[in-house]
Amino acid sequence: MRVLVTGGAGFIGSHVVEALAARGHEPVVLDVRENARADVRADVRDGEAVRRALAGADAVCHQAAMVGLGTGFADAPEYVSRNDLGTAVLLSAMADAGVGRLVLAGSMVVYGEGRYACGRHGVVRPAPRDVADLSAGRFEPLCPACGEQLSPGLVGEDAPADPRNVYATTKLAQEHLAAAWARATGGAAVSLRYHNVYGPRMPRDTPYAGVASFFRSALARGEAPRVFEDGRQRRDFVHVRDVAAANVAALEAGSAEGALTAYNTGSGEPRTVGEMARALAAAFGGPEPVVTGEYRLGDVRHITADSSRLRAELGWKAEVAFAEGMREFARAGLRDA
């Protein structure tokens with residue numbers, strides 16, 4: 001297949017390009033970055049450039065996006081423009097060109113908080129955490145019915161969406177746009193809802209980077225990683241090569257036409273943020289992490305994936321073990337944004 005990879009010179013996109021080439025496909029890279037290795041250097045919002053890049057394409061792997069929590073709500077117009085307008089421009093060009101297969105870089109952030117169960121009330125969805133509770137160090141969400149402690153579990157693709165920050169809202173809107181495109185054109189769309197991706201070529205710490213990047217950048221400066229809250233928040237850290245392999249599997253699979261199918265894309269091994277920070281610091285040989293008690297209002301407490309649908313339907317599974325991946329990441333260089 002000839003596959004247009006938007007954001008193909010970026011962190012995840014560059015690994016997708018390599019994985020596609022290794023499988024005998026022909027990746028075409030569209031990327032906005034200066035000095036990037038791109039076949040087409042353009043913004044995905046540039047409709048004419050996108051149409052040129054789609055010439056002869058069989059499918060699109062849409063990785064281009066503005067990510068992370070950013071610096072506050074002032075970032076909202078830029079997030080919406082890059083993620084949602086960009087996706088709309090791409091899908092419009094695909095419809096015109098008759099390209100009918102899409103794999104979207106989705107995100108677990110569309111769920112908001114993960115799955116929780118109360119001993120008395122069963123599965124519940126807690127409200128967004130209160131500033132007063134966070135400031136007082138009360139980080140765990142409580143049962144909305146009785147106020148008791150909850151047990152976190154794995155969230156499945158059928159869980160209701162509940163985006164709790166601007167970035168999350170734009171990622172959900174991307175899925176809705178892709179679903180509308182699929183219905184209108186008869187195309188096949190897959191959203192891979194990435195969990196916490198890490199690995200070689202991860203960008204340095206900026207307000208738009210992920211927690212693994214923050215910790216690795218601190219270690220490179222000789223500083224202790226600063227762990228927010230109490231470090232016990234649960235995440236699913238998945239290696240970038242496994243994510244790239246999931247993209248290839250989704251592109252090669254026969255997906256349902258006229259619809260969007262979502263797949264959680266995680267390692268299946270929940271870890272705490274503190275555990276990840278300690279493993280990375282040990283592998284790097286740097287200072288022990290410091291648990292600060294600080295918080296970011298847009299963060300959720302626990303979000304871990306049930307990726308069994310992706311394994312069952314597409315035959316994909318994560319191959320890079322947590323300890324192995326952290327050792328590699330500790331040695332790997334970081335890239336500028």
Side-chain angles (χ1 to χ4, degrees), residues 12 16 59-63 65 67 83-84 87 91 101-117 122-126 141 150-165 167-183 187-197 210 233-240 242-271 299-319:
I12 298 175
V16 171
V60 173
C61 186
H62 184 28
Q63 304 294 318
V67 301
N83 295 356
D84 299 337
T87 299
L91 293 171
R101 184 176 297 182
L102 171 73
V103 174
L104 171 69
S107 176
M108 52 79 182
V109 295
V110 301
Y111 298 117
E113 288 285 354
R115 185 181 188 276
Y116 292 87
V123 175
V124 297
R125 286 196 73 76
L150 298 172
S151 299
L154 300 181
V155 61
E157 291 90 347
D158 296 330
D162 186 16
R164 297 193 174 185
N165 56 58
Y167 170 59
T169 301
T170 66
K171 296 307 287 184
L172 182 59
Q174 282 185 308
E175 290 193 356
H176 288 318
L177 287 165
W181 164 83
R183 286 192 297 271
V190 168
S191 177
L192 297 175
R193 291 175 175 170
Y194 301 161
H195 280 249
N196 290 70
V197 187
Q233 54 272 49
R234 287 157 49 102
R235 297 291 186 270
D236 185 321
F237 297 98
V238 59
H239 195 278
V240 66
D242 286 328
V243 167
N247 276 270
V248 175
L251 285 164
E252 292 180 342
S255 302
E257 296 180 353
L260 178 138
T261 305
Y263 293 104
N264 288 333
T265 308
S267 70
E269 297 182 2
R271 305 277 178 169
D299 275 340
V300 297
R301 180 59 174 174
H302 304 295
I303 176 68
T304 52
D306 178 355
S307 298
S308 58
R309 178 184 292 179
L310 184 56
R311 292 194 296 271
E313 296 186 8
L314 301 189
W316 171 91
K317 66 175 182 177
E319 300 286 350

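The shown structure was predicted, so the numbers you read here are calculated from the model rather than taken from an experiment.
When every heavy atom of Val197 is checked against every heavy atom of His239, the shortest pair comes out as CG1-C, 4.5 Å. Residues Val110 and Ala168 share a closest heavy-atom pair of CG1-O, 4.2 Å. Minimum heavy-atom separation, Pro270 to Leu154: CG-CD2, 3.9 Å. Contact record, Ala249 with Trp316: CB-CB, 4.5 Å, taken as the closest heavy-atom pair. Considering all non-hydrogen atoms of both residues, Asp84 and Thr170 come closest at OD1-O, 2.7 Å. Leu314 and Ala253 make their closest contact through CD2-CB, 3.3 Å (heavy atoms, listed as atom of the first residue, atom of the second, distance).
Partners of His195 by side-chain hydrogen bond (donor to acceptor under 3.5 Å, both in side chains), not counting sequence neighbours: none found. Partners of Glu319 according to the side-chain contact (heavy atoms from CB on, under 4.5 Å) rule, which considers only residues two or more places apart in sequence or in another chain, are Asp242, Lys317. Remark: Thr304 engages no residue in a side-chain hydrogen bond (donor to acceptor under 3.5 Å, both in side chains) (not counting sequence neighbours). In this structure Arg164 satisfies the side-chain hydrogen bond (donor to acceptor under 3.5 Å, both in side chains) test together with Asp162, sequence neighbours excluded. In this view, Arg183 satisfies the side-chain hydrogen bond (donor to acceptor under 3.5 Å, both in side chains) rule with no residue, not counting sequence neighbours.
Atom OG1 of Thr265 and atom CZ of Arg311 lie 11.0 Å apart (nearest 0.5 Å). Taken from CD in Glu157 to OG in Ser308, the straight-line distance is 7.0 Å, to the nearest 0.5 Å. Going from atom CG of Asn264 over to atom CE of Met108 covers 10.5 Å, rounded to the nearest 0.5 Å. Expressed to the nearest 0.5 Å, how far CG of Leu310 lies from OG1 of Thr261 amounts to 11.5 Å. Here OH of Tyr263 is found 9.0 Å from CG of Leu192. Values are rounded to the nearest 0.5 Å. Between the NE2 atom of His62 and the CG atom of Asn247 there is a distance of 12.0 Å, given to the nearest 0.5 Å.
No side-chain heavy atom of Asp236 sits less than 4.5 Å from a side-chain heavy atom of Arg271.
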Show me the donor-acceptor pairs within less than 3.5 Å that the side chains of residues 171-181 make with the rest of the protein, sequence neighbours left out.
unit_1, atom_1, unit_2, atom_2, d
Lys171, NZ, Ala105, O, 2.6
Lys171, NZ, Gln174, OE1, 2.7
Gln174, NE2, Asn83, O, 3.2
Gln174, NE2, Thr87, OG1, 2.8
Glu175, OE1, Arg193, NH2, 2.7
Glu175, OE2, Ser191, OG, 2.7
Glu175, OE2, Arg193, NE, 2.9

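Judged purely by atom type and a 3.5 angstrom limit, Tyr116 uses its side chain to pair as donor or acceptor with the backbone of His302. Of the possible polar contacts, one joining the Glu113 side chain to the Arg301 backbone as a donor-acceptor pair under 3.5 Å is found.
In summary, the side chains of Gln233 and Asp299 do not present any donor paired with an acceptor at a separation below 3.5 Å, with no hydrogens or angles considered.
Within a 6.0 Å radius of CD in Glu313, more than 12 heavy atoms belonging to other residues, nucleotides or ligands are found.
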For side chain to side chain contact (heavy atoms under 4.5 Å, CB included), just list the numbers for Tyr111 and Val300, CA-CA rounded to whole Å, side-chain angles, deciding distance to a tenth of an Å, and then say yes or no.
-> CA-CA 10 Å; Tyr111 298 117; Val300 297; over 6 Å; no
